[in-house]
Amino acid sequence: MISTKDLGEELAKISFDLAKRDNASYAELRLVNTRSEAVTVVNENPASEEASTIGVGIRVLYKDLGWGFADTDELEHDSIRETTKKALALARGASKLGIKVTRASEPAHVDKWATPVKKDPFRVPTETKYEVLQETTKRMKENDVVARRGQMTFDFIEKYFANSEGSKIFQTHSYAGVSAIVAAKGPTGVQRRSVQQNSGGGYELVDEMDLPAQALEITKDVLALTHAPTIGEGKSDIILSGDQVALQVHESCGHPIELDRVLGYEANFAGRSFLQPDQLGKLQYGSEHVNIVMDATLDHGNGLGTFGYDDEGVKAQRKYAVKNGKFVGYLMSRETAPRVGESRSNGCMRAEYYKLPIIRMTNVSLEPGDWDYDEMIEDTRDGYLMVTNYGWSIDQKRYNFQFNTEKGYRIKNGSIGEMVRGPTYAGITPEFWNSCDAIANKKSWVLWGTPNCGKGQPGQTMITGHGASPSRFRNIRVFGAS
Amino acid sequence: MSQKMEHPRVLLRERAHQIFTTAKTVAGKAEAEIMLVSRVDEYLRFGNNELAQSQYSTSRNLSVRIASEKKQGRVTTGTLDKASIERTVEKALRQARESPEDPDYLPMPGSQKYRSVDRYSEKTVEAPAELKAGHIGSAIDLAKKNHLLASGVLGTSVEHVMMLNTSGLEASYRGSGGYFSLTMDADNGNQTGYALSTFSDIGELDPNSVSQTALERAKLNKNQADIAPGKFDVVVDPYAWSEMLIFFAVSASTGYSPDLGMRQYKEGRSYLSGRLGEKILGDNISIDDDVYHPNQAGPPFDGEGCQKSKVSLVENGVFRNVVSSRISQHRYGVAPTGHELPLPNPLGELPTNLVIRGKGATKTSEELIGELDKGLLITRFWYVRETEPQTKTVTGMTRDGTFLVENGEIKRPVKNLRFNQSLLELFNKIDAVSEPVRNFSEAQQFRILQPGILARDFNFTSVSPF
């Protein structure tokens, strides 16, 4: 059977010959071969599903004036020619309503790259996966518990990319996701506790997460939450858990630095951004403690935003979005980079093969600070610790946000005290990040994964990474979820 | 280019039977079910008055379920040559072997009778890209004339589904649909207007009306006034809450899983567990799950091929029923309503075709605004999430045009507001409704027919800087 790489090379040649003949000024092809598995247990009910897809996405630029994209899962030569023709026809049509496209240059890369994997999940029998999940949900079984859920997901993706400028790149990506959720009903209504992590790599994540052990902890928590008090509305200092900081970075920094949003191309759905180009290098986005990087390299960690090359063949890079609190950089594509005076994209175009690549987050991470976590708690006189997200919402320019968390604790005179249910905080993005006065150090820093970032029309879902450690914010508006 | 007969129905049926023959052979004594889905989508996407992202997509997806000795496995593939199909069935057999026994396993259902639905439009299927580009070109021209930028998408989809199993079931469906979503804006998004129209038959689309609505709202939505948060009476445009009403049927408390199914209700997982017969909404509000409504979409059968029934979930404010399935029939002795998800499904049943309606005569949006003494007109909600499951309290923002109304007239635009609002409470305070429209959301594919409303005391809690 022909390999994905060899098949990709064969199909790219057919497509590019036709595109060149029909006056395309640029063409690229992605052949993507995906295998995935999801295993789930809810209460006593099991479910498993394996999926495999293979297909080609072809993007062409006609006379530097209009883009067209077409995809197919039929890989015969005639089908590739037909798909290329469809992309060309759309590009010709778009060129009539388009403007001159200028693209940042990128060297032609001939290379290969692979996600490091310690334990191949597809060699672990499904029954072993079920054993872990059944033990997890079994340990959650208590009076008042109404829902118990454990899940693991694995993806193995072979991706061949080529473009008409000479790039030929073959990458293999492996991702794993592990989660457990328990819900209980009591005097305070229905409460939820969960644990979740998604990362690059394989079955080693299941071993690291040890869901059965965590099941006991979150079940104890959720039962306590059904009797825990809520919190009153007011201003308070807050410390957020690392996973909550990761989502805060995703929503209030990762999205507003997407340059396509800034330029108005997402105005109809995902929205625009408050971070305008004239603020680059000037706006004090956060306090001096806040440093946020956009880093797709493996040196940053094996995250959901780690790769060798993006989906328009740009090599993975590390750049700052926020440096010492100052807003300094965007997530870009080859087409948008010149619009803010950059000579090179930082490699953020990503999509499934059957979707048009758009600018997506790579690993957008808050760098660790210098606080020991315990010392941060001890240094807090009066406030709340808030742990793990329940709900999240932010306006279309990424200013006004509200996050509610699953559980919290009162902090009094440097000690963690009473548990509280559904603690919620809200604010305006630059004010919030400027109130950050402490970030925990490398010991508490984790590269978290967000497996479900939505953007684009028609809607696309993308995986993104966010490194973060627990952080403290002063004088924030807080209240209870209900 | 059009989507005309890329996958003719008759060929799909033949192809499905060929695949099923192969699947049965490999499955041997095990039960087998196949679902073959073929889709063709065409989207013309535009931004900043440019036709920026045009795409044409074809896909075929085969999903195979194998059941043997009360164990089940499901494997899907997009590769349909004979060897790949054989490998897919072999994988499903292995999945089933390595799975624990499913306590809810039932033998696959046999031949069913289906009430037909007509939601396949030749006009939509044959619509060339040039027609869509023409509609977009007109919107862009209008925006340019008014010194605005047009952004949005006009997309169409054609879907064919075939389902077969070894108990003799055969189900098929074909449907078409599309939407035109448009924003006109200026001043870096500080002045925006939004309009949406959904259709099954592209002939129903009035692109000029969409463009005019977006234009009028954008022109009005300039120099927004400050506003203090608080409770306001509101008129909600029917298209405004396409991302909000899903929370009637999905719960974050159990991990964004389906709700209003019998299994969730009986197990105590549903936010309405134990409340059948209670009055939960205003007596002028009813909610059905009705796939047969002429404006609804999707197949008339569920994830295991059983016919869907119309179910009255809420009647005149009283919580009457939840949806069910063969599994619930077996567990609890209730009548199945055909709302199973593809098996194995540990999450429970899901109503997929909500129809929300008011009692008595409906009103136009203009009439609803005319009846508002003082309050806000909401043209679009955004980023809605559940914050509290029992009361179905959700938070979110307004965007693209929030207007102060006084004495039945739009007075001025105001800045965008955040709300924290219980859906159960809101639907107890509705004074009047408009005719329901089809929702559309990029964020979720949930089919709801939703009315515009005039309601009291909507709870806004903060304001955005724009």
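Letters go in sequence order (proteins before strands), and every chain restarts at 1. Everything numeric here is computed off the predicted structure, so don't read it as measured data.
No side-chain donor from either of B:Ser151 and A:Asn268 sits under 3.5 Å from a side-chain acceptor of the other. Using a 3.5 Å distance cut-off with no hydrogens or angles, the side chains of A:Gln457 and B:Gln53 do not pair a donor with an acceptor. Residues A:Tyr390 and B:Glu386 bring a donor and an acceptor atom of their side chains to less than 3.5 Å of each other. Side-chain contact annotation: B:Arg418 with A:Ser393, donor-acceptor N/O pair under 3.5 Å present.
The greatest number of non-hydrogen atom pairs below 4.5 Å with chain B, out of A:Gly391, A:Gly93, A:Pro125, is found for A:Pro125. Interface summary for chain B: among A:Trp392, A:Phe479, A:Phe274, the most heavy-atom pairs under 4.5 angstrom belong to A:Trp392.
When every heavy atom of B:Thr254 is checked against every heavy atom of A:Arg149, the shortest pair comes out as O-NH1, 3.2 Å. The heavy-atom pair separating A:Lys185 from B:Ser273 by the smallest distance is NZ-CB, 3.8 Å.
B:Phe419 is linked by a ring-ring contact (aromatic ring centres under 6.0 Å, His included) to B:Phe381, B:Phe458, counting only residues two or more places apart in sequence or in another chain. Partners of B:Arg263 according to the salt bridge (Lys or Arg N to Asp or Glu O under 4.0 Å) rule, which considers only residues two or more places apart in sequence or in another chain, are B:Glu340, B:Glu349.
For a residue to count as touching a neighbouring chain, one of its non-hydrogen atoms must lie under 4.5 Å from one of that chain's; by this rule B:Phe466 touches chain A with the side chain only. Residue B:Asn416: no heavy atom, backbone or side chain, is found under 4.5 Å from chain A. Only the backbone of B:Asn49 comes within contact range of chain A, judged by heavy atoms closer than 4.5 Å.
To the nearest 0.5 Å, atoms CZ (B:Arg87) and OG (A:Ser52) are separated by 8.0 Å. For the atom pair B:Thr79 OG1 and A:Glu74 CD, the distance stands at 10.5 Å (nearest 0.5 Å).
When atom types are taken as modelled, the side chain of A:Ser48 and the backbone of B:Gly73 share no donor-acceptor pair closer than 3.5 angstrom.
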- Query: Are B:Thr192 and A:Arg272 close enough, and set up right, to give a side chain to side chain donor-acceptor pair (under 3.5 Å), and what steps lead you there?
  - Reply: CA-CA 11 Å; B:Thr192 55; A:Arg272 284 179 171 262; over 6 Å; no

- Output, in order, the C-alpha distance, side-chain angles, deciding distance and verdict of side-chain contact (heavy atoms from CB on, under 4.5 Å) for A:Asp73 and B:Arg60. CA-CA 7 Å; A:Asp73 55 8; B:Arg60 301 153 308 159; 3.3 Å; yes

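Here B:Arg94 pairs with A:Glu50 in a salt bridge; the nearest charged N to carboxylate O distance falls below 4.0 Å.
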